[in-house]
Amino acid sequence: MSSSSTQEDPILTAATEFSDKGSYAPPLSRSLAGSQVDTPPGGGWPSLKAVEKFIWQAHLPIKGHASLMKMNKPDGFVCPSCAWPNGDKPKGANFCENGAKALAWEATHARVSDQLFADNTLSDLREWTDHHLELEGRLTHPLRYNAASDRYEVVSWESAYAEIGARLKGYDDPNEVEFYTSGRTSNEAAFLFSLLGRMYGTNNFPDCSNMCHETTSRALPESIGIGKATVNLEDFKQADAIFIFGQNSGTNSPRMLGDLHEARGRDAEVVTFNPLRERALVSFADPQSPKDMMSGKGVDISTQYHQVRIGGDMAAIQAMCKYVIEADDALQVRDPHAQHYLDHDFIAQHTHGFEAFADHCRSLDWDTLVETSGLSRQSLEQAGRTYLEAERVICCWGMGITQHARGGDTIQQIVNLLLLRGNIGKPGAGPCPVRGHSNVQGDRTVGIENLPKDEMLDAFDRVFDIQCPRAPGHDVSECCEAILRGEVRAFIGMGGNFFRAIPDQKRVVDKVCELDMTVHIATKLNRSHLHPGKQGWVLPTLGHSERDLQAGADGKGAEQTTSVEDGMCNVAPSRGVMAPADPSMHSEIAITCQLAKAALPAHPTLDWDWLQADYARIRERIEAVFPQIFPDYNARLAQGGFHIRIAPRERIWHTETQRANFLFPEGLGTDEAELDKVTHQTLDLDSTFLLITMRGHDQFNTTIYSYDDRYRDVYGTRMAVMISPQDLKTLGLSEGQRVTLHTVSDDGIERSVPGFRLKAYDIPSGCLAAYYPETNDLIPLGHRDARSNTPASKSVPVRIELMSSEEINASEGVLASA
Ligand SMILES: Nc1nc2c(c(=O)[nH]1)N[C@H]1C(S)=C(S)[C@@H](COP(=O)(O)OP(=O)(O)OC[C@H]3O[C@@H](n4cnc5c(=O)[nH]c(N)nc54)[C@H](O)[C@@H]3O)O[C@H]1N2
Ligand SMILES: Nc1nc2c(c(=O)[nH]1)N[C@H]1C(S)=C(S)[C@@H](COP(=O)(O)OP(=O)(O)OC[C@H]3O[C@@H](n4cnc5c(=O)[nH]c(N)nc54)[C@H](O)[C@@H]3O)O[C@H]1N2
Ligand SMILES: [Mo]
């Protein structure tokens with residue numbers, strides 16, 4: 001381990017203006033620079049400049065650098081950032097601005113040093129910002145928490161495995177241990193991690209997807225029999241209209257903008273529903289298009305941009321359905337021989353429940369739809385008309401749909417819309433949930449599942465000669481509740497930053513010190529590591545970009561390949577090209593195998609070292625457990641990867657009715673109605689706002705690359721809260737004033753976060769937006785989608801309170817670090 005912590009700030013000193021760790025001066029004048037006047041397009045030169053800056057500051061020369069050029073290439077590694085498919089680009093660069101940031105962040109030269117813990121107790125480090133913690137660089141040596149000194153100390157791998165294993169062996173109830181996974185983990189590592197947990201005796205597999213697209217994974221199968229996208233990139237090339245609900249492509253899946261740009265080039269319609277005008281969805285200059293770059297002008301991406309109220313999507317979608325159904329009704333009255341607007345053949349052959357849904361839509365009243373969606377009747381009809389006129393339609397959605405109390409119901413309305421005109425199972429059409437982490441989908445495919453089906457468990461039992469537990473385990477919300485009840489003894493995190501990403505963060509974190517043990521397998525130091533149990537370990541691991549050397553099939557040593565599944569069900573090989581951050585580091589797979597050896601009784605046929613030696617052996621086992629999904633896994637991976645068979649593409653529906661189902665809830669299912677359940681009181685809409693908690697352009701979830709959000713004109717701070725100018729006026733407040741946000745709830749728990757600066761923004765009245773994870777203390781754990789327990793992070797009921805100058809002075813230290 002290096003002894004010095006004086007490494008040059010690897011990334012970003014120029015972008016942020018902090019003077020020292022934990023404190024910096026936000027440049028106020030810039031941070032509140034005028035909002036949307038003359039906004040430049042997303043992408044363009046600033047995007048290239050950002051790539052250069054990040055790469056340069058991480059000491060990776062941009063041109064010809066092996067690592068960057070190997071990203072998303074057949075013989076290279078899969079970008080660690082988002083789950084948008086790579087497409088077929090054997091030559092040239094195949095990465096985006098934010099992929100380059102993710103790589104630079106992982107490939108930094110900085111290392112967490114002994115000195116860091118000599119100089120700082122964990123209590124000291126808890127005062128640091130998330131940004132500064134990760135800025136310390138890569139973790140390279142196993143760390144063990146010493147409660148007496150409140151510091152982490154370097155320990156050997158052997159002692160870490162032995163001690164963690166011994167503790168796990170000592171617990172009598174396996175269901176008091178939680179096995180968390182975050183979505184960067186490869187298929188091979190996730191599969192073994194789930195095997196470890198099941199052999200240990202539990203299905204407690206909270207996963208980052210439980211805070212993310214779990215809504216999709218639970219609601220979509222009820223409709224069409226599978227919880228994944230039915231489209232692939234080829235379909236994007238053929239779609240006549242692409243609808244985007246609640247997804248910020250420019251920041252969170254920038255390569256998607258290339259596909260949207262291409263669609264606009266052939267005059268396809270792009271219809272966006274989003275309370276915020278997200279710059280790159282308005283217009284985008286593709287850094288790979290000479291024309292865009294020379295002209296400095298972007299291409300208009302959204303042909304319609306509907307600034308729906310927060311949680312108003314269900315009303316908006318049902319309004320479109322109503323429009324299409326009633327247009328078809330009217331047409332049949334006018335001319336019974338005319339071609340129908342609805343695909344009646346498809347509906348009759350392939351669907352169930354149409355008549356009830358159609359009657360429901362017919363009965364909806366326009367005034368209510370307009371009021372609930374926050375959109376004019378004209379806008380809703382225009383969107384409906386565009387849907388009706390397009391032959392092939394794709395509907396995309398992101399966290400703006402999934403992170404709502406009625407998220408699952410809304411997803412089912414998106415499916416209904418698609419079903420009306422047979423837009424599933426034909427080229428250029430279908431549902432496209434835009435997934436987050438690079439392998440979040442794959443982790444779930446290979447067994448990370450807290451509600452496992454018997455079929456899968458039977459297969460695990462057969463293949464490994466084991467007895468998997470059958471009782472359901474915890475998801476993220478249930479894991480948090482169990483911690484609050486004092487029913488968790490140990491938490492083992494495969495990646496991620498669980499204790500920072502969860503709702504009701506402070507309440508849960510306050511209980512972590514009562515756990516017997518925490519173990520975090522991670523690349524970078526983060527806030528979760530600073531809240532150990534009575535015993536705590538941090539085990540450093542390799543990232544996607546690093547070479548992974550194991551014993552190999554013949555014991556002579558061989559570099560290993562892992563695999564990941566993108567958001568459109570393509571499984572691709574990933575092979576790191578860079579030297580590991582430290583030669584002594586272990587891969588996620590090695591760590592899982594060694595923990596399993598230490599924690600489980602010996603098994604007559606299962607040899608963990610043998611599996612670790614050659615990852616192809618792990619894939620053979622994955623194929624044996626999931627023969628339908630991974631036939632010829634190794635052979636097809638060696639050929640560059642494959643697409644997983646998705647039954648609805650062939651109009652085969654694995655639902656209870658064996659058809660695609662039109663499903664809808666009672667009423668309009670607005671978030672407000674749902675909020676009554678959380679708050680148990682009728683909201684006083686004059687003072688209660690709905691708050692979106694979302695990502696800025698320079699972050700990856702809890703990893704904060706910089707304090708700027710170029711696309712929203714926020715610079716040097718993450719404590720901005722966006723509010724409509726009209727609401728500012730009504731409240732008698734002005735831009736730049738500091739406020740405290742208080743959660744509105746009547747569960748007796750006071751949740752508030754001070755120090756936000758008001759920023760006038762183009763957002764509907766009654767709606768606010770601020771950044772995650774700074775807002776996570778505000779989200780009540782119980783405020784979540786009913787089907788999937790996904791936290792409703794996009795509709796937090798809050799009240800705004802102006803801070804007094806005394807309060808501002810009193811909390812200056814805290815505010816300075818935010
Ligand atoms: N660079 C980068 N890439 C990432 C990530 C990252 O942090 N940084 N995170 C990854 C992960 S894990 C995920 S899940 C994805 C997340 O990607 P997104 O799904 O884009 O997530 P968010 O940034 O949280 O915001 C989603 C959008 O929803 C909108 N929205 C909020 N409420 C509503 C609503 O009620 N209705 C509608 N129609 N829209 C609404 C917001 O204005 C915002 O534009 O990105 C992945 N990719
Ligand atoms: N309020 C609010 N809360 C949210 C959200 C929101 O929109 N609003 N979004 C939710 C969503 S969509 C998600 S997915 C979760 C994200 O929750 P997580 O997935 O738990 O969090 P991340 O911030 O992605 O985790 C970052 C950490 O992962 C570790 N890491 C990075 N790469 C690797 C690797 O290759 N291997 C290993 N082992 N570790 C690695 C690093 O130590 C880094 O500090 O947050 C959720 N929380
Ligand atoms: Mo996510």
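When a ligand or atom number is given, it counts from 1 through the structure's own listing order. Computed from heavy atoms alone, side chains included, the values below leave out hydrogens, waters and symmetry copies.
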*For ligand 2, is any non-hydrogen atom under 4.0 Å from E106's backbone (N, CA, C, O), its side chain (CB onward), both, or neither?*
neither
*Measure N526 to ligand 2 on non-hydrogen atoms and call it side chain, backbone, both or neither using the 4.0 Å cut-off.*
side chain
*Between I779 and ligand 2, find which residue part has any heavy-atom pair under 4.0 Å and reply side chain, backbone, both or neither.*
side chain
*In plain terms, say whether R279 and D713 are close enough for a salt bridge, that is, a side-chain N and a carboxylate O under 4.0 Å apart.*
yes
*Ignoring angles and geometry beyond distance, decide whether K524 reaches within less than 3.5 Å of ligand 2 through its nitrogen or oxygen atoms.*
yes
*Of all the atoms in ligand 2, which lie at a distance below 4.0 Å from a heavy atom belonging to I521?*
37 (C), 38 (N), 39 (N)
*Short N/O distance, under 3.5 Å, between T541 and ligand 2?*
no
*Name all residues meeting the side chain to side chain donor-acceptor pair (under 3.5 Å) criterion together with H531; count only those two or more places apart in sequence or in a different chain, and write none if there are none.*
none
_Check ion pair R527-D130 (N to O, under 4.0 angstrom)_ = yes
_Going by the rule side chain to side chain donor-acceptor pair (under 3.5 Å), which residues pair with D259 if we only count those two or more places apart in sequence or in a different chain?_
W84
*State the atoms of ligand 2, each with its element, that fall below the 4.0 Å cut-off from a heavy-atom position in N776.*
1 (N), 2 (C), 3 (N)
*Is the shortest heavy-atom distance from the side chain of Q403 to the side chain of T215 under 4.5 Å?*
no
*First-shell residues of ligand 1 [heavy atom, distance under 4.0 Å]*: C82, N98, C212, G246, Q247, N248, T251, N252, F273, N274, P275, L276, E278, V308, I310, G311, D313, G398, M399, G400, H404, G436, H437, I692, M694, R695, Q699, F700, N701, K794
*Hey, does the Lys NZ or Arg CZ of R184 hover above the aromatic six-ring of F700, less than 6.0 Å from the centre and inside 45° of the axis?*
yes
_Working note: K524 + E106, criterion salt bridge (charged side-chain N to carboxylate O under 4.0 Å, His left out); need CA distance, chi angles, decisive distance, verdict._
CA-CA 8 Å; K524 291 242 180 146; E106 179 171 296; over 6 Å; no
*With the side chain counted from C-beta on, respond yes when E214 and R444 share a heavy-atom pair under 4.5 Å apart, and no when they do not.*
yes
_Enumerated ligand 2 atoms positioned under 4.0 Å from heavy atoms of Y180_ = 17 (O), 18 (P), 19 (O), 20 (O)
*Mark up the atoms of ligand 2 that fall under 4.0 Å of a heavy atom belonging to G495, in ascending order.*
37 (C), 38 (N), 39 (N)
*Test item: N204 side-chain N/O and H474 main-chain N/O as donor-acceptor pair under 3.5 Å*: yes
*Would you please name every residue forming a side chain to side chain contact (heavy atoms under 4.5 Å, CB included) with P503, sequence neighbours left out?*
I779, L781, P791
*Is E134 close to ligand 2, meaning an N/O of one under 3.5 Å from an N/O of the other?*
yes
*Below 4.0 angstrom from a heavy atom of N497, which ligand 2 atoms are there? Numbered from 1 as shown, please.*
18 (P), 20 (O), 21 (O), 25 (O)
*asked:* Please check this pair: side chain of T272 against backbone of I244, looking for a donor-acceptor N/O pair closer than 3.5 Å.
replied: no
